[in-house]
Asks: 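First, the structure itself, so that you have it in front of you.
The figures here come from the full heavy-atom set of this structure, side chains too, leaving out hydrogens, waters and symmetry mates. For reference, positions follow the sequence shown, starting with 1.
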Amino acid sequence: IFISIDDNEQANLKLLCDDVFGEENFLADVIWQRTYAPISMKKYFSESHEYLLTYAKNIQSFDLNLLPRTEKQNNDYKNPDNDPRGVWKGGNLTVGPAVDKQIYEIIGPTGKSFFPPKGYCWRFTKERFEELRKDNRIWFGADGNNSPLPKLFLTEVQDGVTPMTLWTFQEVGHNQEATRELRETFEEAVFTNPKPLRYMKRILHLGTTKNDIILDFFAGSGSTGHAVMQLNAEDGGNRKFILCQIDEPIKEDKPAYKFCIENNLPPVISSITIERLKRAGEKIAKDIEEENSKVGGLFDEGKKQVPDIGFKVFDSVEAPQLKVDETGQISMDIKESDALSRIYNMIFTVGLDEP
């Protein structure tokens, strides 16, 4: 579960989530840099970030996906000695604190002597170092006079990058980018503070597989559904989404209210959610069809498939009622025929071993 929150309730939410999900299932408190410029009107500090609290249902059986390696990261790997194992980069041969048995002299190819810096030792025992050296995995520089470095081959590193807890706007976008995306969909900015697609797609990439179901219980403008369709279009996935948004009235002075009236839609937030999903899906399909028209070949070779961009709307489903008896046992009064009631039931039992 990924929960977006700002400074107003971050501290309280962390304690609440520790209680609900178990503090042992806490994964990270990600910081998202949501703005790229200071707001000079602020009296004390100009807030430029939000938090993304992340928990697993059971950390012992949970695997977080890795981020794809970037071209810049791969460009750090070279092959100056034409090693047949491919490109590599130099690692760090020293480590601290010092361990006596791993402090020893290394003689380079030119006879130069090397010792680890004070307070450090070599990363490997002398025996292991000699094994690596014999296997041509130690680099002393092109002229043989540099301090030794272990060779780290690209073919031997993990196929991806462990995500950091700081997500900059350069990596995942900012609020202004999200507003621009919404304006491209509606031809005007109809919603405040939406999430950028790059930010949502990173969450989906890290936490889901290609056939998962994604639930967003505060759908807002529909950023999650849009991101699911977009990511499916990019990687051929078959993810599905469930978005929940109450029919909260839109204030008459808001651009979204004017948009709804002009388009004969009820002036409620869920109208914006639904309309965005329609328009986003149509644009994704159109973009893929245009791209496919430029691809030659027989039998659709090299052509992308349009993902499932359809969705159903369940309207005005009554929420189930929670009941607590004298022993503290909680029960639900739900209608099995109601799709949303089943969703509520699913959420309610998410933390239980035996729902």
Side-chain angles (χ1 to χ4, degrees), residues 1-10 12-13 16 32 34-35 39 41 47 50-52 173-197 199-200 203 214-229 240-283 309-322 332-335 337-348:
I1 185 170
F2 296 84
I3 311 174
S4 183
I5 197 75
D6 63 13
D7 267 322
N8 290 312
E9 291 291 349
Q10 186 274 344
N12 292 329
L13 180 63
L16 178 63
W32 168 44
R34 63 181 177 85
T35 62
I39 302 174
M41 300 286 291
E47 301 91 351
E50 286 185 4
Y51 301 94
L52 187 68
H174 45 69
N175 278 351
Q176 289 87 339
E177 178 178 313
T179 301
R180 184 172 63 250
E181 290 168 346
L182 209 56
R183 186 180 293 112
E184 291 173 355
T185 302
F186 289 95
E187 300 179 356
E188 58 182 305
V190 297
F191 206 87
T192 57
N193 297 319
K195 299 292 191 295
L197 290 177
Y199 176 76
M200 299 306 302
I203 293 173
I214 293 90
L215 171 67
D216 185 348
F217 224 70
F218 297 89
S221 70
S223 299
T224 298
H226 190 167
V228 169
M229 292 188 292
K240 295 178 173 60
F241 57 80
I242 300 172
L243 308 184
C244 302
Q245 177 59 53
I246 62 173
D247 291 338
E248 180 180 342
I250 301 172
K251 294 181 179 179
E252 294 185 14
D253 61 342
K254 300 295 183 182
Y257 183 90
K258 178 174 175 287
F259 173 86
C260 289
I261 298 302
E262 291 178 349
N263 289 273
N264 296 317
L265 299 172
V268 291
I269 290 179
S270 54
S271 292
I272 301 298
T273 313
I274 296 167
E275 190 65 21
R276 179 180 187 178
L277 296 176
K278 289 180 181 177
R279 297 185 178 209
E282 290 170 357
K283 185 177 186 305
I309 56 173
F311 61 94
K312 296 180 180 180
V313 177
F314 296 87
D315 189 23
S316 300
V317 178
E318 184 178 351
Q321 301 300 310
L322 296 180
M332 274 191 166
D333 179 17
I334 65 172
K335 300 175 182 178
S337 60
D338 288 346
L340 257 181
S341 292
R342 292 197 297 273
I343 296 169
Y344 273 100
N345 194 43
M346 176 181 69
I347 298 165
F348 176 68

Asks: Let me have the donor-acceptor pairs involving side chains of residues 221-228, under 3.5 Å, with sequence neighbours excluded, atom names and distances please.
Replies:
{"unit_1": "Ser221", "atom_1": "OG", "unit_2": "Ser223", "atom_2": "OG", "d": "3.3"}
{"unit_1": "Ser221", "atom_1": "OG", "unit_2": "Arg276", "atom_2": "NH1", "d": "2.9"}
{"unit_1": "Ser223", "atom_1": "OG", "unit_2": "Lys195", "atom_2": "O", "d": "3.4"}
{"unit_1": "Ser223", "atom_1": "OG", "unit_2": "Arg276", "atom_2": "NH1", "d": "3.0"}
{"unit_1": "Thr224", "atom_1": "OG1", "unit_2": "Asp216", "atom_2": "OD2", "d": "2.6"}
{"unit_1": "His226", "atom_1": "ND1", "unit_2": "Arg276", "atom_2": "NE", "d": "3.2"}
{"unit_1": "His226", "atom_1": "ND1", "unit_2": "Arg276", "atom_2": "NH2", "d": "3.2"}

Asks: Can you check whether Leu265's main-chain N or O pairs, donor with acceptor, with Asn263's side chain at less than 3.5 Å?
Replies: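 Side chain of Asn263 to backbone of Leu265, a donor-acceptor pair under 3.5 Å: no, none is there.
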
Asks: Kindly indicate whether the side chain of Phe259, heavy atoms from C-beta on, has any atom under 4.5 Å from the side chain of Ile250.
Replies: no

Asks: Could you measure the distance from the CD atom of Gln245 to the CD1 atom of Ile274? Nearest 0.5 Å is fine.
Replies: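 Gln245 CD to Ile274 CD1: 9.5 Å, rounded to 0.5 Å.
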
Asks: For residues 176-190, which side-chain N or O atoms pair as donor and acceptor with protein atoms under 3.5 Å away, sequence neighbours left out?
Replies:
{"unit_1": "Gln176", "atom_1": "OE1", "unit_2": "His174", "atom_2": "ND1", "d": "3.4"}
{"unit_1": "Glu177", "atom_1": "OE1", "unit_2": "Arg198", "atom_2": "NH2", "d": "2.7"}
{"unit_1": "Glu177", "atom_1": "OE2", "unit_2": "Arg198", "atom_2": "NE", "d": "3.0"}
{"unit_1": "Thr179", "atom_1": "OG1", "unit_2": "Asn175", "atom_2": "O", "d": "3.0"}
{"unit_1": "Glu181", "atom_1": "OE1", "unit_2": "Leu197", "atom_2": "N", "d": "3.1"}
{"unit_1": "Thr185", "atom_1": "OG1", "unit_2": "Glu181", "atom_2": "O", "d": "3.1"}

Asks: Say you draw a straight line from CG of Asn8 to CG of Leu13; how long is it, rounded to the nearest 0.5 Å?
Replies: 12.0 Å

Asks: Find out whether Ile203 and Ile214 are in side-chain contact, i.e. whether some heavy atom of one side chain is under 4.5 Å from a heavy atom of the other.
Replies: no

Asks: Lys283: what forms a salt bridge (Lys or Arg N to Asp or Glu O under 4.0 Å) with it, not counting sequence neighbours?
Replies: Asp287

Asks: Please list, chain by chain and in numerical order, all residues satisfying salt bridge (Lys or Arg N to Asp or Glu O under 4.0 Å) with Glu282, sequence neighbours excluded.
Replies: none

Asks: Mind checking ring-ring contact (aromatic ring centres under 6.0 Å, His included) for Tyr51 and listing every partner two or more places apart, or none if nothing turns up?
Replies: His49

Asks: Please list all pairs passing the salt bridge (Lys or Arg N to Asp or Glu O under 4.0 Å) test where one or both residues lie in residues 249-275, with sequence neighbours left out.
Replies: Lys258-Glu262, Glu275-Arg279

Asks: What closest approach, in Å, do Phe311 and Val313 show between heavy atoms, and which atom pair accounts for it?
Replies: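 Of all heavy-atom pairs spanning Phe311 and Val313, the closest is CE1-CG2, 3.8 Å.
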
